[in-house]
Amino acid sequence: MKIVLATLNAKYIHTSLALRCLKAYSRREFDIEIAEYTIKDPAMNIAADLYRRKPDVVGFSCYIWNIEETITVIDLLRKVLPDVRIVLGGPEVSYDTEYWMERLEQVDFIVMGEGEETFHHLLTELRGEGKFHFVFGLAYRKTLPDGAREIRINPPRPKADLTKMPSPHRFPEDVPHLPNRIVYFETSRGCPFNCQFCLSSIETGVRYYDLEQTKADLLYLIENGARIIKFVDRTFNIRRDYALELFRFLIENHGGCVFQFEITADIMRPEVLEFLAEHAPPGIFRFEIGVQSTNDPTNEAVMRRQNFAKLSRTVTAIRDSGKIAQHLDLIAGLPYEDYDTFRKTFNDVFALRPEELQLGFLKMLRGTGLRRDAAKYGYVFMERAPYEILSNDVLSFGDIVRIKRVEDVLEKYWNAHRMDRTVLCLAFRVFESPFDFFQRFGDYWEERGWQRIGHQLEDLFIRLRAFLEACGPSALEPDLALGLMKYDYFLNHRYKPRAVWWEFRMDKREHAAWMRRLAERPEEVSPAFAALAPDEQQLRKHAVIERLPFDLAAWLERGEFTREAETLLVVCYGLGTEGASAHLLRVSPGMMPESG
């Protein structure tokens, strides 16, 4: 009996931990292949590949992001392989299971919840006597004497002992792909919290894998070239000693790999923060922190305990250490969160200046308490996955559409880090609040139809400049806006940029004179610039210079906008560094070089 475990990942770089767990548990007794595709792959191509493999059993791992595409593949597969046994599993079909069995007549079985033991038992019965009623955690079709097929749903299976689970990370065929794909890794299952919008709230308690086995698996992955390992534990830091031990182990053995964790910031212990600040190499850790809302009535309604003051202190301490990148999450559309209170939530969190702020929209996941209580809050939502909300009793569809415009420009201008200094200036010093900047810019973007066309880096600067000009002179000192945009623009090019969307402030003679002076007296700029020891020819080839009519250093260091001195901005490419390095020279009238 040949078994193929398949899934449609969101992107090629993703890998399915679920399939590897199933294979690891059953591979000693069954011939199992893993087949991974993406939701962008044509259904015909996927069906053709599965047909080529000639399976007796095909299992699909199902999530909100792939269920509809998976159904299309199943429809094709049933036609070309009429005798194949089709099994579904995963969080999307583990709840409302009878609905899925009724909707998808092509499906023979659904594995509900944790799948390793249930799937193994199912395979045993398929190869043996077919006593499916003994398989806990299984939904199946029973053929009655009159030929009708009846849906049967067995009782759930008790939770597995994770310390006895085999490793899902020791397949030789995965090793060549480790450097180019994300490895998903779990050290525990379950969540201690009860947030009603999250599937993790359904399972009470947290179970852990064997710590020494976990370390051995991590070391195996690192030594075999893994570059990104993403931990899927719902709250990695719930046990201080466990988290600290693994942080210590990864610091000692990271091998240049990057590790991402979901943490709860308001319970992070000070001693853990101090340890990371002192010992963690910059760049190897990335924390994902779910804030979701700072509105107290909202958090109470979804049974979410959160101390935002403590969370802020943790996020600030991590940011100030300069060691760990942070990704903070928000959810628009939670109960009692109208447009104005969401605006406050956004501003509260953006004030922490995370490296990435993800603005998501509530999805009414099957099995969650919030979906069961949807009528209580007047929710209207998509009937098919991803079940995103369209409105509720305090947030209209129009409000959601407006917030989506905020999300669009937030992704392009903040999360992509194309012009951090300019955005921070606009968000905190020019517009009433960060949310208002992104909202007004998003509205402007939508009015011009820019959401329907692609964008190069230069286009983003051109469009921001057009927006600021449309806001009028009161929005921002034009020279300051243009100066900050130039500074951000130059630093976001790995090589000397060719395209020009700004106006140079100096003519060719002045430019040549500054090049000579920089080559002759580099120490006037900075020790770092002098250390590059550039000659005039190198500067002409590898540097961009521009004179700004204000003191840029004073702005960057203290947020002071002054014209008491001008600034010579010198950005070097490929001189001493792989990317760009910026150097600032405060220019007084007496320092101007002769341009003759």
Before we go on, tell me: are the rings of Phe231 and Phe185 under 6.0 Å apart, centre to centre?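 Yes; Phe185 has its ring centre under 6.0 Å from that of Phe231.
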Examine Phe550 together with Phe561 and report whether their ring centres are nearer than 6.0 Å.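 Ring centroids of Phe550 and Phe561 are less than 6.0 Å from each other.
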Considering all heavy atoms, the nearest [X]-[Y] contact:
{"X": "Tyr220", "Y": "His169", "value": "CE2-O, 3.1 Å"}
{"X": "Phe461", "Y": "Asp488", "value": "CZ-C, 4.1 Å"}
{"X": "Pro192", "Y": "Ile238", "value": "CG-CD1, 3.4 Å"}
{"X": "Tyr444", "Y": "Arg463", "value": "CE2-O, 4.5 Å"}
{"X": "Trp414", "Y": "Phe438", "value": "CB-CZ, 4.2 Å"}

Using atom types as modelled and distance alone, determine if a side-chain donor or acceptor of [X] lies under 3.5 Å from a backbone N or O of [Y].
{"X": "Asp266", "Y": "Asn307", "answer": "yes"}
{"X": "Asn66", "Y": "Ser61", "answer": "yes"}
{"X": "Lys230", "Y": "Gln260", "answer": "no"}
{"X": "Trp65", "Y": "Ile39", "answer": "no"}

Just wondering, do [Y] and [X] contact through their side chains at under 4.5 Å, heavy atoms?
{"X": "Leu370", "Y": "Leu365", "value": "no"}
{"X": "Tyr336", "Y": "Thr298", "value": "yes"}
{"X": "Ile13", "Y": "Asn180", "value": "no"}

Decide yes or no on salt bridge (Lys or Arg N to Asp or Glu O under 4.0 Å) for Arg286 and Glu356, but give the supporting numbers first. CA-CA 11 Å; Arg286 178 180 172 85; Glu356 185 173 349; 2.5 Å; yes
May I ask you to decide whether [X] forms a salt bridge with [Y], counting only side-chain N to carboxylate O separations under 4.0 Å?
{"X": "Arg319", "Y": "Glu355", "value": "no"}
{"X": "Asp210", "Y": "Lys164", "value": "no"}
{"X": "Glu407", "Y": "Lys412", "value": "no"}
{"X": "Asp217", "Y": "Arg170", "value": "yes"}
{"X": "Arg305", "Y": "Glu300", "value": "no"}
{"X": "Lys159", "Y": "Glu114", "value": "no"}
{"X": "Asp436", "Y": "Arg440", "value": "no"}

For Glu271, does the CD atom have more than 12 heavy-atom neighbours from other residues, nucleotides or ligands under 6.0 Å away? yes
Candidate list Phe435, Phe431, Phe467, test ring pair (Phe, Tyr, Trp, His ring centres under 6.0 Å), partner Phe441, passing option: Phe467
Would you compute the distance between atom CD of Gln306 and atom CG of Asn299 and round it to the nearest 0.5 angstrom?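 Between Gln306 CD and Asn299 CG, I get 5.0 Å after rounding to 0.5 Å.
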Kindly determine whether Phe287 and Phe236 satisfy ring-ring contact (aromatic ring centres under 6.0 Å, His included), including the steps that lead there. CA-CA 10 Å; Phe287 287 170; Phe236 182 79; 8.3 Å; no
Pair Thr562, Asp551: side-chain N/O donor-acceptor within cut-off below 3.5 Å: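 No.
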Option passing salt bridge (charged side-chain N to carboxylate O under 4.0 Å, His left out) with Asp174 (candidates Lys23, Arg181, Arg20): Arg20
Apply ring-ring contact (aromatic ring centres under 6.0 Å, His included) to Phe247 and Phe285, showing your working. CA-CA 9 Å; Phe247 284 145; Phe285 291 149; 5.4 Å; yes
